[in-house]
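What follows is one structure encoded as structure tokens, with my remarks underneath.
Predicted model, so just to flag it, every value in this text is computed and none were measured. Just so we're on the same page: letters track the sequence lines, and every chain starts at 1.
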Amino acid sequence: MGVELRDISCLFGRTPAVRDISLSVPEGEFLALVGPSGAGKTTLLRIIAGLQPGYTGHVAIGTRDVTQVPARQRNIGFVFQNYALFRHMSVADNVAFGLKVRPYRRRPNRAAIAARVSELLELVQVGALAKRYPAQLSGGQRQRVALARALATEPELLLLDEPFGALDPLVRKEIRTWLRGLHDRLGLTSILVTHDQDEALEVADRIAVLRDGRLEQIGTPAMLEDAPATPFVHRFLGETVGFQAMSQAGSLRLEGAWRSVGATLPPAPPGAGSVLLSVRPYAVGLAQTQPGQEGARVLGVQRSGAFLRYRIAPSEALEAEAVTLLVPASLPALSPGSLCALDLSAARLFPSADDPMPQKAGRAVSAVDA
Amino acid sequence: MSGALQTRSGIGTLSGLALTLAAWAVVTLLLILPVGILFAQALRQGLDAALTALSDDDVLAAIRLSALVVALVVPINTICGLFAAYALTKFDFPGRAALLVLIELPLSVSPVVAGLVWVLLFGRHGWFGPFLAAHGVRMVFTLPGILLATLFVTFPFVTRTVMPVMEAQGRQHEEAATMLGAGFVSLFWRVTLPETGAALVSGVLLCAARSLGEFGAVSVVSGHIPGLTETVPLRIEALYNGYETVAAFALAAVLAVASGLIVGMRGLIEWRRGRPAGESN
């Protein structure tokens with residue numbers, strides 16, 4: 001079932017944890033909530049679940065407004081960060097829990113519960129572990145059991161709070177592909193919280209980027225990459241390199257240390273003012289300058305997998321301004337000390353006021369700035 | 001005591017042995033020897049004499065009263081202690097810190113003082129005495145008084161043993177149960193309580209042992225009426241003061257065996273708790 005959030009705000013004491021978020025998740029979608037820690041993504045998930053007291057706004061699941069409905073009656077599957085399996089119950093009892101606690105009239109009989117449990121354990125591929133206890137399982141197995149338990153009551157909405165955080169990288173990759181397959185097969189609507197943008201980009205249909213309790217942007221991975229709404233979104237979804245520029249009378253030119261470096265720039269935005277150019281380090285074109293042409297100085301070059309990792313500065317004297325760019329190793333290499341022409345036409349443009357975080361021109365920013 | 005303690009060359013086999021021996025010496029001197037003497041004294045005039053002394057009416061009455069007190073105090077304090085622990089760990093409310101201190105009060109206040117307080121409150125000249133007397137209720141020198149005094153003294157045990165476990169549980173298991181549709185009752189019975197498991201049993205046993213052996217507070221409120229308000233510890237004292245050594249020691253031996261059983265059960269549970277079952281996630 002779809003989810004509709006309207007004007008959701010939530011305070012932790014006096015600090016707003018979620019500020020005025022509205023978004024809707026159509027039925028069958030896999031949505032990822034991403035953002036640095038403290039962005040409010042888990043709080044938002046808990047609000048949808050009904051676990052977070054003291055919020056304002058409206059939550060609807062399907063056509064039902066559940067704002068006033070207690071968590072236990074929302075019929076939502078929730079997978080907790082550390083799985084929260086009941087350690088005194090066997091795997092089978094954990095999975096059966098949601099069915100056993102139903103009021104007598106809606107409770108399936110023992111045989112039906114047992115059948116449902118083994119069906120679910122088969123579904124999550126841990127059928128052989130029914131009699132084990134949580135302490136005897138590996139991380140990946142616990143994850144699957146937690147998922148089976150959440151699915152036992154046949155929820156149509158599945159909420160996952162950092163479900164892969166505690167897994168080692170190899171298992172993580174495998175289990176998220178599998179989870180996406182399960183989502184499609186069961187026709188679920190899923191909302192996943194993660195701070196790992198790669199994870200979000202890989203499993204989600206759409207991604208909602210949160211920052212300081214605000215929704216920065218929501219869209220498909222392609223949309224966020226092609227048209228990020230803010231420099232933050234661009235920076236959060238991958239490494240970026242930033243340059244300050246000035247837009248005036250239909251022309252754009254670099255500012256600050258890079259002003260004297262000849263570079264190919266994207267078309268100027270309408271209007272005048274200070275502009276931030278944000279670009280992926282692998283999307284910058286580097287070429288040998290023609291004799292007499294201005295250029296940036298290659299400080300160093302290093303092989304990194306299929307790429308060459310260049311350190312480029314406006315000049316040798318301005319080493320502090322150096323940026324790191326990636327160029328496919330198949331292209332002709334430039335030697336340290338030579339001049340190069342920068343092609344920044346793939347950069348995204350943002351009015352500088354959009355980015356409240358002061359950013360030095362030419363500084364490479366790591367993906368997660370938590 | 002032993003040179004082993006002063007060596008700074010790490011604990012070798014020899015010093016380890018010395019330490020073990022020293023520990024056993026202390027245990028023997030302070031625990032095993034007295035209990036041994038207790039039994040020796042009880043059986044000094046043969047088993048028959050001891051059994052005869054035990055079949056005295058007042059002694060049997062004391063045993064019955066003590067059993068009754070334990071049977072009433074333990075369930076009451078288990079339930080109250082559980083809810084106190086639950087409220088203190090799962091909720092934040094004004095006065096929580098004060099309540100935490102108050103719950104420990106019985107551990108630090110001398111039981112005699114506790115008993116005196118009850119007398120001051122409920123005794124004939126106490127604050128509520130006249131009111132209670134007017135309604136035909138007598139608290140001092142009666143079973144209710146003994147119960148109150150014992151309840152007070154043994155209140156902290158369940159709470160204090162269960163609280164750390166509940167604290168460690170956090171809220172996530174309960175939230176998981178809630179999301180699966182469990183109401184408060186199923187949540188408490190199926191998740192919270194079973195997870196406190198061994199700690200709860202351990203606390204209950206401690207409470208039982210203490211309520212069986214409590215002397216000070218009960219002594220003040222009971223009035224020492226033989227056959228009516230004398231618990232086993234009080235009866236032992238009375239017998240001892242009356243130079244009935246065999247009877248005193250025989251009854252003391254019975255009490256010691258009962259306490260020993262309780263402590264032994266607790267030890268068994270603690271030992272099982274320490275084994276595999278293990279951490280969850």
Nearest heavy-atom neighbours spanning B:G181 and A:V101: C-CG2, 4.0 Å

Heavy-atom neighbours of A:R102 CZ exceed 12 at 6.0 Å: yes

Rounded distance [0.5 Å steps], CD in B:E174 versus CG in A:L51: 11.5 Å

Structural part of A:F97 lying under 4.5 Å from a heavy atom of chain B: side chain

Gap between atom NE2 of A:H88 and atom CG of B:L193 - 0.5 Å precision: 9.0 Å

B:L31 CG: over 12 foreign heavy atoms closer than 6.0 Å: yes

Atom group of B:R190 that falls short of 4.5 Å from chain A, counting heavy atoms: both

Closest contact, heavy atoms only, A:A84 versus B:Q172: CB-OE1, 3.7 Å

Gap separating the CG atom of A:N75 from the CG atom of B:L180, nearest 0.5 angstrom: 10.0 Å

Nearest heavy-atom neighbours spanning B:A176 and A:F80: CA-CE1, 3.4 Å

Nearest-0.5 Å distance, CZ of residue A:R149 to CE of residue B:M179: 11.0 Å

Nearest-0.5 Å distance that lies between atom CG in A:D161 and atom CD in B:E175: 10.0 Å

